[in-house]
Amino acid sequence: MLSSALSVMRNSFRLIAFSVMINLMTAGSASAHPSGLQAGDPWWRAWHWDSLVVLNLALLSLLYCRGLIRIWRRAGVGRAIPVWRAGAFLLGILALIAALLSPLDTLSEDLSWVHMTQHMVLMVLAAPLIVIGVPGLALTWSLPKSLRGPFGRFLTGTAGRSRRTLHFLLWNPMFLWTVHALCIWIWHLPYLYEWALQDPLIHDIEHLTFFIAACLFWRVSLDVRVQPTLNPAASVLYLFTTSLHMMTLGVLMALSPTAWYKVYIGRTEGWGLSPLEDQQLAGLIMWMPGCIVYAIVAAALFARWLDQADRATSLARPT
């Protein structure tokens, strides 16, 4: 059964990759696109350097590196924040650059499947990589000494009623699961989805809410600064149920007989796709590559849980 499921996944990935390749190679039948690209323009060069995005990413990276250097000077290189976690943070920054500054962002104006890919990069690639990098600890150490304690207590919410409320908002798994799910479903409602495409400010708000909700979602299982809110068994359920509802949305998009987003009418044709075909491809991307990340992390946590249980059993046995 597992081999059959893997075979279906491989075939789906091949279908997606083939469709993407064919449609990008045959693009150019229209004279221009809402993205600003002209027919025959090299879309792979359609990078843009939004000053606000560049500034924020540069500031985040600078503060992280400053805190990381201070930690390693005090505790030793690789202590507190291992090198591989720092590398994960760097990969997360690169994923944000790919999502927000690369041709993904430019082409998302024309194609729903590119827009979906952009969202998946933000939520299932950049966000968990950033969280794995333990940014809270590094950012705390980037601050002056007088501010580190208050900022650390603010992040962990360890004392007082207000901090307990903050801890609920930042760590309670049921609350964060709900926020994450609502964020995905609500932003894919036709009215809000089309509004984001037509208004740059709303588009930025959409991306920001996707990324923040995803970071809060992933930190419950992956953040190691404090005692994890969820044990590995609960984390498996937490991630598995998320993959189920996202798969449901992807299936609805992929199998819908009509196009949901009328704003793409006149945009997708220049890339060799009808709006419905474009939507179906977007649904497949959420359904397969998007959801598989949750399944992989859930499987890794489940394996770790079994390993921990096996070690505990071994230690409990009399020698």
Side-chain angles (χ1 to χ4, degrees), residues 47-75 77-106 108 117-157 166 169-171 176 179-180 183 187 196 200-226 293 297:
W47 289 75
H48 68 92
W49 303 103
D50 185 301
S51 58
L52 185 60
V53 173
V54 172
L55 177 63
N56 280 304
L57 291 180
L59 180 61
L60 178 60
S61 301
L62 178 64
L63 291 175
Y64 183 89
C65 290
R66 182 180 181 183
L68 184 67
I69 291 171
R70 285 179 173 177
I71 291 171
W72 284 355
R73 281 178 177 172
R74 185 182 183 90
V77 175
R79 305 297 296 272
I81 300 180
V83 174
W84 71 270
R85 288 188 177 275
F89 181 88
L90 173 61
L91 290 176
I93 293 295
L94 293 177
L96 287 174
I97 291 173
L100 302 176
L101 300 174
S102 79
L104 274 180
D105 189 59
T106 304
S108 69
T117 302
Q118 183 184 36
H119 293 169
M120 293 299 100
V121 170
L122 285 172
M123 302 189 77
V124 305
L125 189 60
L129 286 171
I130 292 290
V131 169
I132 288 171
V134 202
L137 180 58
L139 294 179
T140 299
W141 275 83
S142 72
L143 299 173
K145 286 184 179 180
S146 60
L147 297 178
R148 291 176 196 168
F151 185 71
R153 289 190 294 272
F154 171 81
L155 288 180
T156 56
L166 181 65
L169 296 176
L170 297 182
W171 285 99
L176 295 179
V179 168
H180 183 265
C183 186
W187 277 113
L201 175 61
I202 302 303
H203 203 181
D204 289 343
I205 293 173
E206 176 195 42
H207 288 166
L208 185 62
T209 54
F210 273 143
F211 182 66
I212 292 176
C215 285
L216 293 175
F217 173 88
W218 285 105
R219 71 191 296 230
V220 173
S221 294
L222 301 179
D223 197 316
V224 296
R225 289 185 305 111
V226 297
V293 175
V297 176

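In what follows, every heavy atom counts, from backbone to side chain, and hydrogens, waters and symmetry copies are set aside. Residue numbers run from 1 in the order of the sequence given. No experiment lies behind these values; they were computed from the predicted model shown.
A donor-acceptor pair under 3.5 Å is absent between the side-chain atoms of R79 and the main chain of R74, judged by distance alone. Side-chain atoms of D105 never come within 3.5 Å of backbone atoms of L101 as a donor-acceptor pair (strictly under, hydrogens ignored).
Smallest separation of non-hydrogen atoms from I71 and A80: CG2-CB, 3.6 Å. Nearest heavy atom pair, residue A214 against residue A127, reads CB-CB, 3.5 Å. Considering every non-hydrogen atom in both V293 and V124, the closest pair reads CG1-O, 3.4 Å. Pairing each heavy atom of L96 with each of A126, the nearest pair is CD2-CB, 3.7 Å. The shortest non-hydrogen separation linking G133 to Y64 is O-OH, 2.7 Å. Scanning both residues, A196 and I202, for their nearest heavy atoms gives CA-CG2, 3.8 Å.
For the pair F89 and I132, the minimum side-chain heavy-atom distance is 4.5 Å or more. V179 has its side chain out of reach of L216: every pair of non-hydrogen atoms, C-beta onward, lies at least 4.5 Å apart. Side-chain atoms of L129 and L125, non-hydrogen and from C-beta on, do get closer than 4.5 Å to each other.
If you run side-chain contact (heavy atoms from CB on, under 4.5 Å) between N56 and each of L52, L60, V53, only L52 comes through.
Distance check: L94 CG to S61 OG gives 8.5 Å after rounding to the nearest 0.5 Å. Separating the CD1 atom in I97 from the CH2 atom in W49 is a distance of 6.5 Å, to the nearest 0.5 Å. One distance of note links OG of S142 with CD1 of I69; it measures 11.0 Å at 0.5 Å rounding. Taken from CZ in R70 to CG in L143, the straight-line distance is 8.0 Å, to the nearest 0.5 Å.
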Would you be so kind as to tabulate the donor-acceptor pairs closer than 3.5 Å made by side chains of residues 205-213, with sequence neighbours excluded?
from, atom 1, to, atom 2, distance (Å)
H207, NE2, Q118, OE1, 3.3
H207, NE2, H203, NE2, 3.2
T209, OG1, W187, NE1, 3.0
T209, OG1, I205, O, 3.0
T209, OG1, E206, O, 2.8

